[in-house]
Amino acid sequence: MSCCSSRRCNGHAETIDATQTAPAVKSCCQQASEGVAACCASGAESGGTSAPRANCAEEDEEGDSSPSCHTWTISGIDCPSCISKVETALHRLDGLIKARITFASLRLTVEFDASRLNLSQIEATVTGLGYGLSGVSKRADSKASITERLLQHRQLLALTGLMIAGGISRLVLPEMGAWAFWPAVLWGLFPIMKGVLRQAGRGNFFGMETLMTVAVIGALALGESFEAAMVVFLFMIGEKLESLAADRARSGVKALMALTPDTAILIRGDERIEVMADSLRPGDLIEVRPGDRLPVDAELLTEAGSFDESALTGESLPVEYVAGNRILAGSLVTDRLVQLRVQSEPGENAIDRILTLIEEAEAHKAPVERFIDRFSRWYTPLMMVIAGLVIVLPPLLAGQPWDVWVYRGLALLLIACPCALIISTPAAVTSALAAATRKGILIKGGAALEQLASIRQVAFDKTGTLTLGKPEVTAIVSFGLPETEWLSLVTAVEKGTSHPLALAILAEAERRGIHVGVADEITVLAGHGIHGVVKGQNIRVGSPAAMAEVVACLPAVEAEIVRLEEQGNTVVCASVEGEFVGLLALSDTLRSDSGDAIERLRGIGVGSVMLTGDNPRAAKAIANQLGMDFRAGLLPEDKVNAVRALQASAPVAMVGDGINDAPALRTADIGIAMGQGSDVALETADAALTHDRVGEVADVISLSRHAMAIIRQNIALALGLKAIFLVTSLMGVTGLMVAVLADSGATALVTANALRLLPKGKD
């Protein structure tokens with residue numbers, strides 16, 4: 001029996017041996033050693049770098065002409081210029097539709113026409129540029145042994161040995177002179193020149209390697225072999241430092257990827273079977289031991305359980321859940337063995353969604369990042385032209401020595417390298433997105449991050465945002481019909497909607513033991529209420545404003561409405577066959593952190609206003625508790641107009657959770673959705689608070705401001721250092737070695753500066 005016969009191949013699903021006694025735990029990985037894992041091969045022509053497909057269309061199983069898609073983990077990417085090299089080379093392949101590398105997670109995703117292009121050609125192109133490819137892994141890199149580390153740095157260690165040998169040779173045999181360092185130069189220059197040739201063959205003529213090669217060959221021509229050797233030596237050290245800095249910048253994303261285990265314990269009758277987590281499907285039953293993390297989003301079946309969600313939400317205390325609650329992947333079981341029912345498809349759990357958002361966020365670059373990308377395309381060729389003029393013009397026009405100005409022109413070439421400038425923004429954006437994610441805040445792109453920094457006003461929806469969205473009935477007032485009779489009719493109509501007020505009315509009817517009838521012809525009027533027919537009677541339920549024509553004729557009803565609203569209640573009116581029958585007063589509970597959220601926004605110079613469809617008196621009571629402005633009695637289109645009015649004075653962020661908030665979320669400069677809100681609100685918004693703490697609105701604005709400050713510092717640092725050493729090189733104060741140090745140092749500095757955005761003590 002094939003281990004993949006009933007499940008998707010990359011899941012490595014288990015083979016069930018009915019003869020084995022329960023509750024034996026069988027490992028699919030153990031079965032692989034017996035030969036059954038062969039069926040899980042990818043079928044890719046490349047032979048062994050298969051990975052789950054991500055972020056693009058699936059390959060068609062029937063072999064039709066639909067685009068194929070594949071994802072790898074790519075190694076050797078240290079900065080966005082490396083990404084540009086690979087993507088440019090891939091897009092030159094015939095049959096390639098789309099290729100994208102995510103800097104945060106080092107994933108290469110390609111979409112291609114399999115009839116014209118195969119995986120082997122794609123892999124050969126990438127590896128030909130000097131980068132490595134492997135299957136996608138969720139695990140963070142394990143610590144390498146000392147031997148492995150030495151092998152990783154063997155080229156630099158060999159160059160160091162040749163440099164030392166050259167220095168000793170020059171001391172012992174002075175007559176060797178400049179020739180003593182030629183072996184070191186050739187050893188260090190060879191891989192650089194290979195890179196130049198690879199890139200040139202794929203249409204990229206102006207990479208950093210080109211600048212290095214020209215500078216080193218020029219130094220050798222001038223007889224400066226020691227400086228040439230030092231240039232390649234410092235360049236190689238700089239590359240290693242860039243790689244380490246880039247890995248640190250991605251550490252937040254790596255930590256997220258490592259939160260979900262690769263295996264899970266599947267419950268099959270009385271058996272407990274160890275399977276790959278990717279093989280789980282919604283409806284499967286799993287068991288998780290204390291101290292283990294959930295591999296998927298799942299519904300708790302055990303009566304109760306305590307879960308540590310600090311890695312996802314930053315909440316330091318474990319959270320208690322009861323049977324029926326949904327628990328997110330990555331949560332740590334703290335107190336007991338629990339059983340759960342899988343709810344998420346493979347690749348679609350909470351951690352996967354966060355990683356997908358981060359990857360999508362990188363595709364939506366901040367305006368400043370897009371400008372730097374455009375700037376860097378013509379910057380390097382321009383600097384090569386300027387360096388050429390520096391070499392040629394002084395000797396030709398002023399009779400200056402050729403060797404002096406060739407040397408200065410070569411130093412200028414090295415200073416011209418744009419790596420520090422190019423990485424200044426994405427390093428900060430990646431760090432900020434990772435930091436936000438660890439706080440439970442998802443930001444959909446660099447553009448949203450940049451826009452958040454400019455926010456000066458925040459508009460809040462009331463129900464479900466500032467309040468818990470779980471109102472309770474506080475009073476019932478009857479006019480005419482007995483309370484039980486008209487409540488039965490009203491609850492029959494309200495059963496057709498999931499509005500929080502309707503759910504509260506249904507809960508009250510259930511508490512009172514009132515029979516809920518069946519309604520027909522239910523019509524929901526957004527912002528106006530609901531209408532239906534029960535036992536041939538027309539029933540209408542709505543706000544006092546929606547039923548003003550009925551309420552206006554009844555002074556006693558009006559007085560009662562005013563009294564209830566002044567107490568902070570939301571009032572719902574009911575009529576049967578056009579006759580007013582009663583009032584329901586409902587009150588919602590403020591979130592515990594709502595007051596603190598408004599105060600923190602005020603502390604960073606951001607104003608706040610509440611936009612609600614509730615009545616003005618109830619809205620005023622809540623707004624006064626929070627110390628904020630408000631607009632009440634708003635329909636969805638009124639919220640849009642209110643946001644536009646606020647935008648006339650300053651950029652506005654809108655925070656909401658419901659379907660009716662979606663237009664306002666889209667209209668605002670930035671839309672922020674509550675994590676437990678409607679799917680429409682989450683899809684419309686630019687950011688989301690995954691665990692519904694409104695206090696984090698101030699956090700995300702502060703983080704974005706900090707990120708933009710870091711980006712401005714990085715740009716100033718990169719350009720400032722180049723400007724300084726440009727002048728000193730032209731004046732002859734600094735030479736080739738200092739130029740390389742300036743470039744590598746600037747790259748390390750801007751990356752280290754960006755790392756300040758990452759949360760302290762979290763990898």
Side-chain angles (χ1 to χ4, degrees), residues 2-14 28 39-40 42-43 50-62 66-73 102 105 107 109 111 135-139 253 256-268 273-288 292-301 307 309 312 321 324-331 338-361 437 442 444 673 675-683 688 690:
S2 168
C3 72
C4 298
S5 60
S6 62
R7 296 190 184 273
R8 198 170 64 178
C9 183
N10 60 28
H12 298 273
E14 79 290 351
C28 179
C39 65
C40 293
S42 66
S50 176
R53 300 174 180 92
N55 302 326
C56 53
E58 295 279 350
E59 287 184 81
D60 189 272
E61 294 181 2
E62 300 301 323
S66 61
S68 297
C69 188
H70 202 82
T71 298
W72 295 264
T73 295
T102 307
S105 57
R107 289 190 182 184
T109 301
E111 191 173 348
V136 172
S137 173
K138 297 188 297 183
R139 309 265 57 86
V253 175
L256 279 173
M257 295 169 73
L259 282 179
T260 53
D262 287 326
T263 60
I265 302 300
L266 178 68
I267 301 174
R268 275 285 170 80
I273 308 160
E274 184 177 12
V275 300
M276 300 303 294
D278 285 341
S279 71
L280 296 174
R281 295 294 185 278
D284 287 347
L285 301 183
I286 60 172
E287 193 170 76
V288 183
D292 289 344
R293 294 188 181 275
L294 270 65
V296 291
D297 295 350
E299 176 190 350
L300 182 62
L301 300 180
F307 297 84
E309 299 179 330
L312 288 167
Y321 285 106
N325 288 154
R326 181 185 176 97
I327 319 295
L328 299 181
S331 300
V338 295
Q339 294 185 353
L340 308 101
R341 179 180 289 111
V342 176
Q343 291 192 323
S344 59
E345 293 280 356
E348 296 179 8
N349 65 48
I351 302 298
D352 293 320
R353 291 194 298 272
I354 291 171
L355 292 170
T356 299
L357 281 172
I358 291 176
E359 293 183 359
E360 290 174 351
T437 301
L442 303 182
K444 299 180 182 178
Q676 300 301 319
S678 70
D679 290 341
V680 175
L682 289 168
E683 291 170 7
T690 59

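Residues take their numbers from the sequence shown, with the count starting at 1.
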Residues passing the salt bridge (charged side-chain N to carboxylate O under 4.0 Å, His left out) test with E345, sequence neighbours excluded, are none
Close side-chain approach of L328 and D297, heavy atoms under 4.5 Å: yes
Given L340, V342, V296, V275, the one that forms side chain to side chain contact (heavy atoms under 4.5 Å, CB included) with D284: V342
To the nearest 0.5 Å, tell me how far S344 OG sits from R281 CZ. 10.5 Å
Any idea which heavy atoms bring G330 and R293 closest together, and the distance? O-NH1, 2.7 Å
Does any non-hydrogen side-chain atom of T263 lie less than 4.5 Å from one of M276? yes
For the CZ atom of F307 and the CG atom of L300, what is their distance to the nearest 0.5 Å? 5.0 Å
Distance col, row Q339:CD vs I265:CD1, nearest 0.5 angstrom, shows 12.0 Å
Given side chains that start at C-beta, do those of S279 and L266 come closer than 4.5 Å, heavy atoms only? no
How long is the span from the CG atom in L280 to the CG atom in L285, to the nearest 0.5 Å? 10.5 Å
Separation between CG of L301 and CD of E287, rounded to the nearest 0.5 Å: 11.0 Å
